[in-house]
Amino acid sequence: MPELPEVETIARKLREGCGADPSILRREILSVEIRHPKPVAFPAVEVARERMRSLVFEEISRRGKFLVCRLSHGYLLIHLRMSGDLQVLPAGQPPRKHDHVIWHLSGDADLRFHDPRRFGRIWLVESPQDVLGPLGPEPLGPDFTEARLGEMLRARKRLIKPLLLDQTFLAGLGNIYTDEALHRARLHPLRRSDTLHKDEVARLWHGIRTALRVGIAQDGASIDWVYRGGNFQNHFRVYGREGERCKKCGAKIRRIIVGQRSTYFCPRCQRAGRKSKGK
DNA sequence: TAAAATGTTGGGTA
DNA sequence: ATACCCAACATTTT
C-alpha cells in the first residue's frame, strides 16, 4: 500500500518510536521467526534467518518505496508492495493472521512484517545497491532539479502517468501521489512526456514535491483496511474522488484507466493538449 | 458477485 | 532498444 510518504513515516516511527511503541535502533535481533517463506526474496530462508541472528539495527532510512535498515553487518531491505505493514509490539504477544516474519528483539520488543496479500519482500544483502541500483532519483533529493526532470522527460516518449509510476524513472511515486502531483501541475495524465513545455515541467516538479511533502507532513495516507495513523486521505484533491467536485474549479472529477491503473483527474484543470496522445 | 485495491515483474507484441 | 498490453501474484472489501 505504501508510497514514499508512507514508507518515510514508517521509517521515522521505527527510528524514533511512536507513542508507546519504542524505537528499534540499537536493538539486537535475538531470533527471527519466519512463519511464511514467501516474502524472503534473498538469500534462502534459512540462510537469512541464521545471518540476521545477533545483528543490531544501526540505522533506519528509506530509498524510494524501500525501507533500508543498516544492521551491524549488512542491510535488511523491505518493500511493502500493496498490503504490507511493519509494527513494533511488546514481546510475547501471540502472532496474528498474516504476521509472516517476526524479529524478536532485545528489550522485549518484536518487529512484525504483516502482509495479507503477501506481495511484500525482504532482502538481506551486503550492499544495498544490489537491490536499489535500478531506482531512479529521489524526488525530494538535492540532485532532482527542474532541469534534470526536463531532461529526463525529453529523453523518453511515454505517457506521463505510467512514466511517473516507473520506479527506474523516479523512485517513490505510486498511484495516489502521481494523480495528486499531476493535478497540482494541471497536467493531463495522458500527456506525452516529451511534449511538456518549460513551464509545464516546472509545474510538474513542484507538483511532485509538494504532493509528497504534504503527504509526509500528514504522516501518509490511511485507506482501505490499513490504518496506521496517517491523515493524507483527507487531503486528496482527485484520488478516489470520481464524480465529486474539483476543489479548485468545481468540475466533476473523472476516473479513467491508464496503464491498468485507476486514474483520477479534473477534466477542466488538467486539459489534454491537442497532440497529447501522439500517434 | 464481480470489481477493485497505496505494486512489481515477466512475457508477448509492434 | 523502446513502448505498451496483459496476466500473474493473494487477500480482503464493497
Side-chain angles (χ1 to χ4, degrees), chain A residues 1-11 35-42 62-67 77-86 96-100 113-123 131-136 139 152-182 189-195 208 211-212 214-216 218-242 255-264 277-279:
Chain A
M1 322 240 323
E3 303 180 33
L4 186 155
E6 288 74 30
V7 180
E8 180 72 33
T9 300
I10 289 171
R35 311 183 70 246
H36 201 298
K38 194 77 181 290
V40 182
F42 184 90
R62 177 197 58 72
R63 172 80 171 94
K65 300 174 190 172
F66 286 82
L67 186 79
L77 307 177
I78 303 178
H79 198 304
L80 277 0
R81 292 277 176 93
M82 286 291 267
S83 59
D85 199 7
L86 287 166
R96 296 155 310 176
K97 194 178 183 180
H98 307 309
D99 283 345
H100 303 314
F113 175 64
H114 179 91
D115 186 10
R117 291 172 77 173
R118 285 183 238 145
F119 289 171
R121 294 290 182 270
I122 71 178
W123 295 257
V131 176
L132 308 180
L135 292 179
M152 289 163 58
L153 291 168
R154 267 178 268 117
R156 306 292 215 101
K157 300 180 192 300
R158 302 265 313 266
L159 300 182
I160 191 69
K161 159 115 183 193
L163 184 58
L164 292 175
L165 286 174
D166 183 344
Q167 301 299 296
T168 68
F169 180 78
L170 187 62
L173 289 178
N175 210 30
I176 291 177
Y177 292 91
T178 298
D179 283 1
E180 294 297 312
L182 287 172
L190 295 177
R191 278 294 293 277
R192 244 182 53 176
S193 60
D194 58 342
T195 68
I208 290 169
L212 292 173
V214 173
I216 290 171
Q218 296 295 323
D219 295 332
S222 303
I223 64 172
D224 288 348
W225 68 97
V226 173
Y227 178 77
R228 55 169 84 80
N231 196 43
F232 187 59
Q233 67 278 11
N234 298 318
H235 298 261
F236 290 163
R237 297 187 170 198
V238 287
Y239 184 82
R241 298 188 63 242
E242 182 182 17
R255 170 181 179 267
I256 59 176
I257 301 296
V258 181
Q260 302 176 269
R261 310 298 302 276
S262 279
T263 298
Y264 301 89
K277 291 186 194 176
K279 274 274 143 77

> Base, sugar-phosphate, or nothing: which does R121(A) touch, judged by heavy atoms less than 4.0 Å apart?
Replying inline: nothing

>> Side chain of K157(A), heavy atoms from C-beta onward: which of dC9(C), dA3(C), dA5(B) has the nearest atom to it?
In response: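 Looking only at heavy atoms from C-beta outward on K157(A), the closest nucleotide is dA3(C).
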
List in chain and number order the residues that pass side-chain hydrogen bond (donor to acceptor under 3.5 Å, both in side chains) with [X], two or more places apart in sequence or in another chain; answer none if no residue qualifies.
X	answer
R241(A)	E244(A)
Q218(A)	N231(A), H235(A)
S193(A)	none
Y264(A)	none

> Can you list the stems that include DNA chain B, where a stem is three or more consecutive Watson-Crick or G-U pairs with distances under 3.5 Å?
Replying inline: B:2-5 with C:11-14, B:7-14 with C:2-9

> Taking only residues two or more places apart in sequence or in another chain, which ones pass salt bridge (Lys or Arg N to Asp or Glu O under 4.0 Å) with K65(A)?
Replying inline: none

> Mind checking the P distance from dC6(C) to dA3(B)? Whole angstroms is fine.
Replying inline: 15 Å

> What is the distance from NE2 of H100(A) to C1' of dA10(C), rounded to the nearest Å?
Replying inline: 9 Å

> To the nearest angstrom, how far is I257(A) atom CD1 from dA7(C) atom C1'?
Replying inline: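 So the two atoms are 16 Å apart, to the nearest Å.
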
> Sequence neighbours excluded, which residues qualify as side chain to side chain contact (heavy atoms under 4.5 Å, CB included) partners of T9(A)?
Replying inline: R12(A), K13(A), D219(A)

> With sequence neighbours left out, what residues match M82(A) under side chain to side chain contact (heavy atoms under 4.5 Å, CB included)?
Replying inline: R117(A), F119(A)

> Can F119(A) be classed as stacking with the base of dG7(B), given a centroid separation cut-off of 5.5 Å and a plane angle cut-off of 30°?
Replying inline: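 Per 5.5 Å and 30° rule: yes, stacked.
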
>> Is any side-chain heavy atom of L182(A) closer than 4.5 Å to one of T263(A)?
In response: no

Between protein and nucleotides 8-14 of chain B, what N or O pairs are separated by less than 3.5 Å?
{"residue": "dT8(B)", "atom": "OP1", "partner": "H79(A)", "partner atom": "NE2", "Å": "3.0"}
{"residue": "dT8(B)", "atom": "OP2", "partner": "K65(A)", "partner atom": "NZ", "Å": "2.9"}

